[in-house]
Structure formats: structure tokens, C-alpha cells
*Asks:* 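Sharing a structure, written as C-alpha cells. Questions coming.
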Amino acid sequence: MLDKVIMADVHSNLTALKTVLEQVDPTDGTEFYCLGDVVGYGPEPNACINRLRSLDAHVLAGNHDAAACGRLTTQYFNPFARQAVEWTTRELTAENRRYLENRPDRIQTSPFAFYHGSPLEPLTEYITGTHQAEQAVRKAPEPIVAVGHTHQPILFRRSDGRFQPREVSGNHREQGVPTDEPLVLNPGSVGQPRDGDPRAGYVRIEETPESLNIHWKRVNYDVESVQEKIRRHELPEKLASRLAQGR
Ligand code: ZN
């Protein structure tokens, strides 16, 4: 049985990342994937990158990572996001900036295709609806498509002949999913959830050649200590307050 931990949108929230990793209890063969946006919004960009590097995690570029290292313009970012990206750019060590510059836009490992946004626009497209999810499975080179970027845990899967979203709020399991069944999953966000649940979210997958058990997990972390760090660095107050609401 192989074991994968899929995380996304850590957003410089080291406290949430550490809490998730404490809960994971990896076995020898556990592989870690992070679907982009390691940095942006939060107060500890270098420490988050260092932690993922120490795990040998497979880490994709997100739009905030690309902006923080100068690969993407911040022109389409909202003012809070832009301010945090500019702060992050100043904070990054030269080595971690290079690390972000070298992150890939996609990772393919059978039966998975990983993106931050989508196969069509790996850095920027939000998969929020059925139509985009269907396009994604048509375009992706592997059946199981995993994306981040929306900060909302979700699963699009065929049922009753139709491709549709499935509710995965809180802790949720999908057992015995065939590895050749096209679907789109989003693990939610480690560092800035936006589904109204402030707990850090991630996915753990148990894998055999024929099937997957997919577990969406949520875990409480010390939100207040992160808010305090955001305020100490004079990042926008909204970036602190939203963590308590999960919005
Ligand atoms: Zn994000």
C-alpha cells in the first residue's frame, strides 16, 4: 500500500503546516505533495519552504510563489495579496527564491496529474464548477486530477451518469475509488481555508494499483499565534482576521 499526503495553499502559515505534519504520522514510503502557494499572505515564508524541502516534498509553483520570485506579475492580485507578496519577496533568502523559481507548473505520476490551478492554466485557473472539472479531466494526461488554488476542499466525480461535485466538508472518506476513474479533487488549504471552517485541511491517500482510499482531513491549529505574527510584521489586518473565520 502506497501512501500520499496531498497539501495545497500553505501560504506561509508554518503553524498550520507543522500541525498537519504532526498529525500525518508518515510511514517509510509516505510521499508528500504540495500543490503550490507555499508562500503569500502569511508570516513565515522561508520556514515553510525549508520544512517542505526537509521532507523532500514534491512542490508545484502556485501563482503567489511565482509572483514572489518575479515569474508572474501581481497586476491581477488584490491589494492585500499584493502587499503580502511584496513583503515576501523582500523576506525570501536567495536560496529559497531560487527554489521557488525552479518549481514546476505540473507533476505527472500515474495515475495522478497535479496542478495548482488546472491543466489549462496551471497557475491561475480556478476549478469551481462541473464544466471546468470536465475540461480538466479531458485535458489531463492521467485520470486522477488534483488541484489547489480555490482553498475549498471538493471532489468532482461521475455518479448517475453525470460528472458532479460532491460534498467533502470536515473529515470525509471516499473508499475504493478505481485508479482509472477520471475525477478532480482539491485537498483544501493548509494555511488559509476558505470554506468557513478555519481548521487546516489536507488529503491522505492510500493507494493500491487498482484503487484509492481518499481521506479529507481537518485539524485545529493555533490560529491566534499566527495572527499575532501577521500583525507583528504589519501585514494587512484582514489577512489575520480571515484565518479565524476560514474565509
Ligand atoms: Zn492560494
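Given the structure is predicted, the values throughout are model-derived calculations rather than measurements. Note that ligands are numbered from 1 as they come in the structure, with each ligand's atoms numbered from 1 the same way. Nothing fancy with the numbering, it's 1 onward along the sequence.
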*Asks:* Does R103 make a cation-pi contact with Y99 (under 6.0 Å, within 45 degrees of the axis)?
*Replies:*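 So R103 does make the cation-pi contact.
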
*Asks:* If you measure from CZ on R194 to NE2 on H151, what distance do you get to the nearest 0.5 Å?
*Replies:*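 R194 CZ to H151 NE2: 4.0 Å, rounded to 0.5 Å.
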
*Asks:* Below 2.8 Å, any N, O or S contact between H116 and the Zn ion (ligand 1)?
*Replies:*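 False for H116.
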
*Asks:* From the options R218, Q23, K217, select the one residue that forms a side-chain hydrogen bond (donor to acceptor under 3.5 Å, both in side chains) with Y202.
*Replies:*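 Answer to the side-chain hydrogen bond (donor to acceptor under 3.5 Å, both in side chains) test with Y202 among R218, Q23, K217: Q23.
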
*Asks:* When you check the gap from the basic side-chain N to the acidic O, do D65 and R97 get nearer than 4.0 Å?
*Replies:*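 Judged by the 4.0 Å cut-off on N to carboxylate O distance, D65 and R97 do not form a salt bridge.
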
*Asks:* Give the atom name of whichever N/O/S atom in D37 sits closest to the Zn ion (ligand 1).
*Replies:*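 Of the nitrogen, oxygen and sulfur atoms in D37, the Zn ion (ligand 1) lies nearest to OD2.
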
*Asks:* With carbon and hydrogen excluded and only N/O/S kept, which atom of D9 is nearest the Zn ion (ligand 1)?
*Replies:*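 It is OD1 of D9.
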
*Asks:* Within the stated cut-off of 2.8 Å, is an N/O/S atom of H64 closer than that to the Zn ion (ligand 1)?
*Replies:*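 False for H64.
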
